[in-house]
Amino acid sequence: MEETRKPDRRPERIGVFLCGCGPNISEAVDLLKIAAFAETLPEVVCVESVPLLCADAGKEILKARISKDKLSRIVVAACSPKEHEHTFRQVLRDAEMNPFLLQMANIREQCAWVITDKEAATRQAKTLIRAAASRVRHHEPLEPKSIESSPDVLVVGAGIAGISAALTLARGDRKVYLVEISPCIGGKAARHEDLFPSLECASCVLSPKFDELLHNSQIELLLLSRVKEVLGYFGNFTVTIDRQARYVDEAGCIGCAACIDVCPVKALNEYNEGLDRRRAIYIPYPGALPNAAVIDPRHCLRFQGEDCTRCRDACPMSLIRYDETDTTRTLQVGAILLAVGFDLFDVENAPRYAYGRIPEVYTSLEFERLANASGPTQGKLQQKTGDSPGRIALIACVGSRTTAHHTYCSAVCCTYLMKFIHYILKKLPEARIFLFHSDLCLPGREAQQIGSKFSSDKRVAFLRMKTPEAISIHEKEGKIAIRYMDLLERSHDVLCDMAILAPAMEASKSAPDTAKQMGILQEKGGFFSKEHPIIAPVSTTFQGIYAAGCAREPGTIEQAVAQGEASAGRILSSLIPGIRLPLEAESAHVDEDLCSGCRLCRNGCIYRAITYDSEKGTALVNEVLCKGCGVCAALCPSRAIHARHFSDEAILSEISSLTCTEEKEH
Amino acid sequence: MKSFEPVIIAFLCNWCSYEGADSAGRSRKELPPNVKPIRVMCSGRVDPEFVLESFQKGADGVLILGCHPGSCHYREGNIQTLRRYLLIQNMLPQLGIRRDRLMLDWVSSGESDKFAAILDRMTCRIKTVGPLPGPTGNLK
Amino acid sequence: MTRRILIDPVTRLEGHGKITIILDDSGQVEHAYFQVPEFKAFELFCRGRAIEEMPALTQKICGVCPTAHHHASSKALDDLFGVKPPPAAAKIRELMHNAFMFEDHLLHFFFLGGPDIIVGFDAPASKQNILGVIETLGMEAGKEAIEIRKKVRRIISIIGGSPLYPANGLPGGVSKALSAPEIAEIRSTASHALLFAKATLNLFSRRILPESRFRDMLFDDAFRLETAYLGMVDSENRTNFYDGSLRVVDPKGKEFARFDVHEYPRHLEEHVVSWSYMKVLSLKKIPWNGFTEGPDSGIYRVGPLARFNVSEGMKTPLAQAEYERILETFGGKPVHQTLAYHWTRLMEVLYAAERMRELADDPGLSDSNVRILPDSLPGEGIGVCEAPRGTLIHHYQTDPKGIVNRLNLLVATQNNAAAICMSVEKAARALIRDGEVSPAILNLIEAAYRAYDPCLACATH
Amino acid sequence: MKQKPKIAFCWLSSCGGCEESIVDLSETLLAAAEAAEILFWPVALDYRYEDLEKLEDQELDAAFINGSVRMDDQEELAHLFRKKSKRIFAHGTCAHLGGVVGLANLFPGKEGLNEAYLRAPTVSNPDSILPKTRCEEGGETLALPGFHPAVKALHQVIDVEYSIPGCPPTPELVEEAILGLLEKRLPSRGSVLAEKKALCHTCPLNRTKPERIQAQRFYRIYEKIWDPNRCFLDQGLICLGPSTRGGCKARCIQANFPCRGCFGPLEKVRDQGAATLSFLASLMHAATPEEIEMIADSIPDPAGLFYRYSLPSSRIHQSRFEENP
């Protein structure tokens, strides 16, 4: 309509309810004065003092007045909203009034209890109530929304953390897709000899879990697969998975190895940390599950263009499938668990340890394989020459706790070095062991016991370095000289036959891509950030995406299992089949008429809740992901983002009301 | 003559500092009535315009209290606040307003003592620097 | 008892001004004051700002001659950071400067001062404006004038974004290089502008110059002021708007001083009067003795007439020819006839058009290297250029962080301040007899200052 | 025949740029002069204040007033126009928000006079003369308007029906306002007659903005040569595009120059400085006070930049001049 001014809003009917909170408030402030003052406030049509508003009697009064006086807004002057806002919102609901039309003035914690002078406390209470009464006018009736969601879950990584989570979810009768990039499950733990602290044999402890997994119909195992793309949000993720061909019928193969013996090609065996060789068609290691062969197209002659069919000819059940192709599939899931594990710090980046130059220097994982009955030496601890080592050095903090590489402690190295001592003494009772450390970290009951047991063993020397870097390895008379500096800064050389390094644990090489794909943050060392380090440790910064095991920080196998099960618990309790997901009512909202599409709001949202509609050229808040913090509203240079229940209007009205105090007035 | 009673607006984040205020209440700390609290979900909701408007409307001081860095309920909201705060601090003197009329601090839900201490410190600081002058050019 | 005649506001010029004429009881003019009732304090609030913002900020002194301020300021930044813009950048600036001189002079001729002489001094007030001009010259001519201004202002937007407030001035060059299509458009506009300039001078010498009323006034003592003159010239003492050294000739036309702008504080001096916000400039080497004419007065003039008087010719052929025609008409230099500002101004329109054409044809104009980054710290810098209304000087000092802590602006019309006041008073004395005042007389008195094309927002800034 | 609408154009503390934006209407201007009766326009027509006073109250259908209010008489003139006009158009950013001249509000009013008339390096003023509101000259009293202690936007002096932002407004916007008036299709009173959305919406470089901008520092425009085809913010330059109302046709951006905010804040923003500060803060790629301060200090003159055009109508209006702030 040309040149007409916008119409004024119609007046509200505000009810102010004063709670005496027993003696708490009633004795500390002058409620009569306050009531009289409240009467004078604009648009206030009823003021009622109640001895105890949160008691049933009190709630009845509130409910009755709402309908009797046709109240359109409610101010409750009582305790902290954190204590009873939900209580009174419920009363509004019962009175068929929108619960968000309530504002509480906290005159107990903020007046009665903290201002002894009754006069002053009363004045303060008036000020807070006036502010509440002026703010509540700007409240909008909010309707909590909810959405459909899929209860299915994607678990990335079939290590011990992922497997524990998958099993817990499956027991909860959930469909689980378990994606694993390698041809077998179990991750690194499965290739350990013994497990700390019980020092039981790893496969005895783990294989029952693995078997259960392989036979659980709820769990769909996708080996040789990786996540290609993730779209959507909590409750409604769409995930694309790329699966590499195995060229062997996984289901049918019984792992008889007939095909392997005839394969003419040899390649380094990554599953033994490259300490020995495997064929182009192979089973990663004895006992690897599923017990089925796999062809590595990078080595297989057929895939280099030669016409070799030896393995197919050898297979008693003709299960070789040269013509199998890579496949892609799309999954709908409600939540995602990242259990992508860790990688060891690449020791070649720290030349002082001579790793790669001196053959008898090993990493911890290499040593695990050396010590493992299914490893390259069938568990025999021997040098590359075949002799068994007489003097063995164990070196802690390789790349940890140093400004040069990782400043953090990798948490488990000291403990597994204790395990290594146990391996060595078990297999080579005559050997001398030198443990180089700076500050041993052996938390918990078992680790300490084992530690002190060994420290009293005269075959084992605990040598303290001044700092993690105060050590270097050299060749000397065909042996390994470990040169280190002690606490008194004296330098010593210790001659050994073999040195085993405990490299720092860092996020798996794939972590950055995964983080980008999932839109989550990373921390020091590339580990996935937690939603909250203390109260939300297994959820990431993106709702519906969880992280367990060493993907989130270095930790023990026991912790990985616990976190896997914890994540599963979070998912089971938040994604219940058939139940719609409730959304944050106090979320942000973009006014399309005002949004310029500058997209700077996204700089402020760690939840990736703001998307951009390039068609319209405006931003859009995804109410599923929005947590209602209001950062974007304060950031938006157009003020096109409206923070529900904490609108500019509401807060500005509080400001004007609070600043015009009695002190100021006179 | 009546002594100068400053008005100080305090923005409290819902998760840490407002809790801190409540626990100060529960432990019956004595707090200066000069401080007028406003609850926001996150200190990151505090629009610099709120700060300037508080001064314009007659506040002599403004307090912003949030979760400690690293323990923000929304992870980085308080860092956004810190960035804005330091930028406003660069601008206030240009607007002829003393830097120390605006203060940002971190209070966790347990720190009732710290909460009380901050309020006291701010109040006597503002009492010593006196009231914030209004605009001289009778601007509305 | 005395009587007052008030002209408030004065019209058809940029800014606020009023004329107070005081008649004694016999009806003779006792005094006439030209007062400027506005002031903005740019010299104050530019302090504390970042130095690199000056071209964008100081040009806001004037929406009629912003480009001049933009360039004086940009040149001051070059000086302050010790960077010489690459050739293409200098050409782009000079091109924009001439485009601007062209359209701004035409604004005066068709909208502001021009109507006085096109429609005639004695025409009724209701005709003394662009509409009257169109009525006199015909819709076609009027539309064409409007059209060409629009096209030439488009050159400024091509180079500087906005036709009004260019945004390209940086220390050591300009923000944007010119593309081939842009240059092509500029070239065709320049040719069109040249045709129009010729036509306009033609119009002037065919219609206005011969017109007896104008001729009388042109040579009338009421519109004559014997002053010195200041303007910028190149190495051969020919007029240049964008760069060169400053030259002063005395009322006899003899060179009084020739100096680099860095020496301006030794040559120019500002004076304050209590009845106007406009400061008054004079030559420092001649002791200030108030609003007086002649050899003992430090009062000087700037702008088209001054540039004509300080120069020994024009750099472009057609403008040179016009220069000689003017010289011949007045039988030598210096020309002290105030209304000659109109003619010399149109001569500059011709020069600006020719120069635009030259620059548009210059192959170096399309070079993409238009900026050099300064490596020295900011300090102190002075920039000068010829604005349509006269010599314009910007002078900045910064702290080591490049925050402006002092600036001094000598703006074109200030140089003419004294002369304008005197011209008004002189015209008033000559034209008002026995208290007789007609609208025509009052308009003639206004014609005395309009000839200068004063810009009072500039003059007070 | 029906009577033509009567309009007036006038300037207060102005640079004349807004007048140019009217002159630049070219043909439309001539058409308007045909369709309407222009009863006051100092820059182009010979009407005096006395002619204005002679008008009936409310006789003018519209007055287009540009420039901020800096001098006493400008305030009086504004009130006179309010009395004589049915509609007031605040024409241009000075009238709408206070404009560049409003930066003077960072200093005490009279400092301006002292700086220009007493301290300027080339001034010779032995008797420390200042322009006076009343002065005796040759036995006659001459009057000048007083210099206000602060700059005001027009709406801070009189009620304003419409605002046309821009320094200067584009001829298109002025044309739209005039035609809206002549054709009786003006929007609701109180409207700002430009785009509702920020400059980014129409900025040709907006699409080049990455998902997240992470500024290690901000550059001053003399410190780097930048890519004309990439969002300036993403190159560490301060551009006020996101916090500035659109409608300028990205003139400065076309000239490869970052926005300085001349169209003022957005529909729902009162304080352009705060809005600018807030989004710039979010671009800082830093989390510790030290790192953040480093980046914050790379902005040399926040108030002068963020409030370039809008200080008088910002929340704070004017410096509070506290000692050692």
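In what follows, chains carry the letters A, B, and so on, assigned in the order in which the sequence lines appear, proteins first and then strands, with residues in each chain numbered from 1. Just so it is clear, the model here is predicted, and its values are computed rather than measured.
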Would you compute the distance between atom [atom1] of [X] and atom [atom2] of [Y] and round it to the nearest 0.5 angstrom?
{"X": "D/Leu106", "Y": "C/Leu44", "atom1": "CG", "atom2": "CG", "result": "9.0 Å"}
{"X": "C/Lys40", "Y": "D/Phe147", "atom1": "NZ", "atom2": "CZ", "result": "10.5 Å"}
{"X": "D/Glu20", "Y": "C/Cys65", "atom1": "CD", "atom2": "SG", "result": "9.5 Å"}
{"X": "C/Glu38", "Y": "D/Ser13", "atom1": "CD", "atom2": "OG", "result": "6.5 Å"}
{"X": "C/Ser274", "Y": "D/Asp127", "atom1": "OG", "atom2": "CG", "result": "10.5 Å"}
{"X": "D/Leu144", "Y": "C/Lys18", "atom1": "CG", "atom2": "NZ", "result": "6.0 Å"}

Polar side chain donor-acceptor pair, C/Lys60 to D/Tyr309, under 3.5 angstrom: yes
Between D/Thr122 and C/Glu270: side-chain donor-acceptor atoms closer than 3.5 Å: yes
Report which part of [X] has an atom under 4.5 Å of a heavy atom belonging to chain C: side chain, backbone, both, or neither.
{"X": "D/Ile221", "result": "both"}
{"X": "D/Ala33", "result": "side chain"}
{"X": "D/Arg70", "result": "side chain"}
{"X": "D/Leu12", "result": "backbone"}
{"X": "D/Cys248", "result": "neither"}
{"X": "D/Arg308", "result": "side chain"}
{"X": "D/Pro228", "result": "neither"}
{"X": "D/Pro108", "result": "backbone"}
{"X": "D/Glu223", "result": "backbone"}

Toward chain D, the part of [X] with a non-hydrogen atom under 4.5 Å:
{"X": "C/Val272", "answer": "both"}
{"X": "C/Tyr33", "answer": "side chain"}
{"X": "C/Asp375", "answer": "neither"}
{"X": "C/Arg47", "answer": "both"}
{"X": "C/Leu13", "answer": "backbone"}
{"X": "C/Ile158", "answer": "neither"}
{"X": "C/Leu131", "answer": "side chain"}
{"X": "C/Leu170", "answer": "side chain"}
{"X": "C/Val36", "answer": "backbone"}
{"X": "C/Pro171", "answer": "side chain"}
{"X": "C/Ile61", "answer": "backbone"}
{"X": "C/Leu77", "answer": "neither"}

Any side-chain heavy-atom pair of D/Pro131 and C/Phe39 under 4.5 Å: no
Close side-chain approach of D/Leu305 and C/Arg49, heavy atoms under 4.5 Å: no
Check this for me: does any side-chain nitrogen of one of [X] and [Y] sit under 4.0 Å from a carboxylate oxygen of the other?
{"X": "D/Arg48", "Y": "C/Glu446", "result": "yes"}
{"X": "C/Glu43", "Y": "D/Arg119", "result": "no"}
{"X": "D/Asp24", "Y": "C/Lys150", "result": "no"}

Best-contacting candidate, D/Cys262, D/Gly304, D/Pro121, D/Pro126, against chain C by heavy atom pairs under 4.5 angstrom: D/Pro121
Please say whether more than 12 non-hydrogen atoms of neighbouring residues, nucleotides or ligands are located less than 6.0 Å from [atom1] in [X].
{"X": "D/Lys54", "atom1": "NZ", "answer": "yes"}
{"X": "C/Lys401", "atom1": "NZ", "answer": "no"}
{"X": "D/Arg230", "atom1": "CZ", "answer": "yes"}
{"X": "C/Lys151", "atom1": "NZ", "answer": "yes"}

Flag, side chain of C/Gln35 to backbone of D/Ala143, donor-acceptor distance under 3.5 Å: yes
Test log, rule side chain to side chain contact (heavy atoms under 4.5 Å, CB included), inputs D/Gln254 and C/Lys176: CA-CA 9 Å; D/Gln254 310 284 3; C/Lys176 170 174 167 264; over 6 Å; no
Positions in residues 454-461 of chain C that reach chain D, provided some heavy atom is under 4.5 Å away: C/Ala457
For C/Ser162 against D/Arg251, the heavy-atom pair lying closest together: CB-CD, 3.8 Å
Choice from C/Ser126, C/Ser175, C/Ala41 maximising heavy atom contacts with chain D below 4.5 Å: C/Ser175
Max heavy-atom pair count under 4.5 Å with chain D, selected residue of C/Gly63, C/Ala125, C/Gly160, C/Pro163: C/Gly63
D/Tyr222/C/Phe81 aromatic ring centres below 6.0 Å: yes
